Amino acid sequence: MHATIETLKNDVLARNAGEPEFHQAVVEVLDSLAPVLETHPEYLDQDVIRRLCEPERQVIFRVPWIDSKGNVNINRGYRVEFNSALGPYKGGLRFHPTVNLGIVKFLGFEQTFKNSLTGLPIGGGKGGSDFDPHGRSDRDIMAFCQSFMTELYRHIGEYTDVPAGDIGVGTREIGYMFGQYKRITNRFESGVLTGKGLSWGGSLVRPEATGYGTIFFAREMLATQGEDFDGKRVSVSGSGNVAIYAIEKAQELGAVVVTASDSKGSIYDPDGIDLDLLKQIKLKERGRISEYADRRSNRVEFHENRNDVWQVPVDVALPCATQNELDVHAAQTLINNGLRVVAEGANMPLTADAASLMRETEGVLFGPAKAVNAGGVATSALEMQQNASRDRWTFDYTETRLEEIMVDVHETCRATAQEYGAPSDYVLGANIAGVTKVVDAMIAQGLV
Ligand code: NDP
Ligand code: 2IT
């Protein structure tokens with residue numbers, strides 16, 4: 001192991017104590033850089049790798065709000081502006097009770113390299129709150145979003161930092177936050193947020209983009225083995241924005257998707273998921289996935305363990321729920337059952353051990369999140385492009401742009417991995433390609 005990388009890793013871990021998810025993300029990236037530093041020692045100029053691991057700015061704020069029962073609630077808001085070497089900070093907002101600084105930092109760190117891989121001019125950032133939207137009325141959601149934006153507005157802007165959605169934040173929440181930003185600033189600044197509604201600056205395909213992009217990437221992975229999705233059995237976890245549209249595109253390409261889950265359980269549908277029913281329950285009614293089993297057929301199994309999705313034999317596994325949801329035991333079960341491809345729709349859904357096992361297993365291809373799910377943020381950048389030119393693109397044109405970007409991200413990862421002697425190691429390819437572009441820009445821009 002490269003001595004400098006070891007020292008850097010130890011320093012970063014010590015400096016960010018108690019943030020296991022951030023450690024996990026940093027260790028994976030830094031480990032990939034050892035072969036680069038052997039041949040390119042200039043990548044250590046200006047102590048750039050250490051700077052890469054230090055967010056440019058971190059904001060933590062109080063979010064006080066009153067719910068519809070008259071109770072006072074105090075949540076904590078975050079925005080970590082990680083890296084602006086390639087463009088304004090860009091990345092989602094997550095509303096989930098597990099949100100803390102370490103989680104936002106891991107997401108912002110990953111986002112920086114994901115955004116770099118898209119080839120578009122966007123830096124990396126992430127934010128959110130420990131607010132739990134489950135079971136809250138629209139009125140409560142609006143009250144929370146307005147209070148959250150009353151502080152966040154001073155840190156963001158079209159040329160500064162452009163948030164979007166993530167877990168617990170969709171078009172509804174972006175709408176309430178955009179309205180409050182517009183009211184405070186008296187500006188219709190479309191480019192300040194992405195994931196907007198269609199009639200007020202949103203882009204076609206943005207809702208579908210992360211899921212569709214995941215499938216385009218997985219399709220390219222399969223193609224390297226002379227295979228395609230037609231007739232493949234696929235397991236998906238989650239049933240939110242990413243999962244639903246991954247299922248949609250996989251089905252369009254002829255796959256049979258047999259699982260989905262939410263935080264309260266999982267379903268196995270041997271006949272293939274009825275997507276209209278799943279959308280009705282999870283997107284429209286904001287209900288529980290157990291209702292799918294009640295309303296579909298006797299053949300559907302509901303399991304209280306949400307991780308049971310990985311017990312089902314499949315060709316392709318797509319974790320699309322949350323970080324560290326697929327552990328090494330689940331990975332071994334999938335491999336024993338004949339898995340060919342695993343592609344991360346969610347951010348860091350495989351534990352470090354599970355990811356290592358997948359990378360080491362002959363005959364299994366592992367696509368890491370920063371490459372696989374880059375279609376969401378890429379389409380956010382296309383939304384910014386439409387906002388800046390006051391234009392509006394068709395669905396087909398936008399989807400074609402997304403598809404081209406994903407094919408390009410895949411090719412970049414593969415070509416880079418090949419250059420470093422490990423042609424099927426997408427983790428190595430994504431990390432090296434994502435990082436070097438950011439580092440080149442940082443060195444060019446000097447010690448800032
Ligand atoms: P959503 O809020 O739309 O959906 C999240 C889904 O995951 C829901 O089904 C939710 O269940 C489930 N879930 C959330 N937390 C947990 C948990 N701790 N354990 C098990 N299940 C859980 O979020 P998205 O689909 O947008 O995000 C999913 C993943 O994709 C995240 O990792 C996110 O960072 C990543 N991602 C999202 C992008 C986007 O554009 N939205 C872009 C790139 C990555 P329940 O319904 O019960 O809450
Ligand atoms: O993790 C992600 O890439 C996102 N949640 C999307 C970010 C964005 O700015 O569209």
Side-chain angles (χ1 to χ4, degrees), residues 21 87-99 103-104 106-115 117-118 120 122-128 132-135 156 161-174 193-196 202-203 205-214 217 236-247 260-267 278 281-283 285-292 305-307 309 318-326 344-350 369-384:
E21 293 85 4
Y89 310 107
K90 180 85 197 88
L93 296 170
R94 176 178 292 190
F95 294 168
H96 194 273
T98 56
V99 166
I103 291 204
V104 179
F106 116 66
L107 289 164
F109 182 75
E110 288 284 289
Q111 194 81 46
T112 301
F113 311 119
K114 180 194 306 192
N115 295 4
L117 283 172
T118 67
L120 298 166
I122 39 180
K126 200 84 187 189
D132 185 358
H134 283 109
I156 63 176
D161 183 356
V162 183
D166 193 79
I167 292 178
V169 178
T171 313
R172 174 181 62 168
E173 292 73 18
I174 294 291
L193 292 171
T194 60
K196 299 181 294 296
S203 173
V205 191
R206 179 61 189 89
E208 295 86 354
T210 312
Y212 281 18
T214 295
F217 195 97
V236 168
S237 66
S239 51
N241 173 268
V242 179
I244 295 250
Y245 291 106
I247 296 172
S261 62
D262 67 12
S263 53
K264 295 282 186 289
S266 57
I267 50 155
L278 191 63
I281 292 167
K282 291 302 301 186
L283 298 186
E285 299 170 16
R286 298 178 188 273
R288 308 270 32 135
I289 206 159
S290 53
E291 292 164 39
Y292 179 93
N305 184 346
R306 61 192 182 219
N307 291 327
V309 291
L318 304 172
C320 296
T322 194
Q323 65 274 355
N324 291 325
E325 56 165 309
L326 198 166
E344 294 185 318
N347 284 311
M348 207 169 74
L350 269 67
K370 61 173 75 67
V372 171
N373 71 36
V377 74
T379 308
S380 278
L382 302 182
E383 182 173 331
M384 291 163 73

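Count residues from 1 along the sequence. Ligands are counted one by one from 1 in listed order, and the atoms in each one are counted from 1 as well. Computed from a prediction, not measured in an experiment: that's the story for all the values here.
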**Item:** Side-chain heavy-atom pair L120, K90 within 4.5 angstrom cut-off
**Value:** no

**Prompt:** Under a 4.5 Å cut-off applied to non-hydrogen side-chain atoms, are N347 and K114 in contact?
**Reply:** yes

**Message:** Restricting to salt bridge (charged side-chain N to carboxylate O under 4.0 Å, His left out), what partner residues turn up for K196, sequence neighbours left out?
**Reply:** E383

**Item:** Rounded distance (nearest 0.5 Å) linking atom CG of L326 with atom CG of L350
**Value:** 4.5 Å

**Request:** Check whether any side-chain heavy atom of V236 sits under 4.5 Å from a side-chain heavy atom of V309, and report yes or no.
**Result:** no

**Fill in**
At a 4.0 angstrom heavy-atom cut-off, ligand 1 is contacted by R94, H96, K114, H134, D166, I167, G168, R206, T210, G238, S239, G240, N241, V242, S261, D262, S263, K282, R288, R306, C320, A321, T322, G345, A346, N347, N373

**Item:** Side-chain heavy-atom pair K370, Q111 within 4.5 angstrom cut-off
**Value:** no

**Asked** Is the closest side-chain heavy-atom distance between N373 and V242 below 4.5 Å?
**Response** no

**Message:** Measuring only between side-chain heavy atoms, which start at C-beta, is I289 closer than 4.5 Å to K264?
**Reply:** no

**Complete:** Distance filter under 4.0 Å, heavy atoms only, around ligand 2 gives K90, G91, G92, Q111, K114, K126, A164, G165, D166, R206, N347, G376, V377, S380

**Fill in**
By salt bridge (charged side-chain N to carboxylate O under 4.0 Å, His left out), E21 pairs with (sequence neighbours left out) none

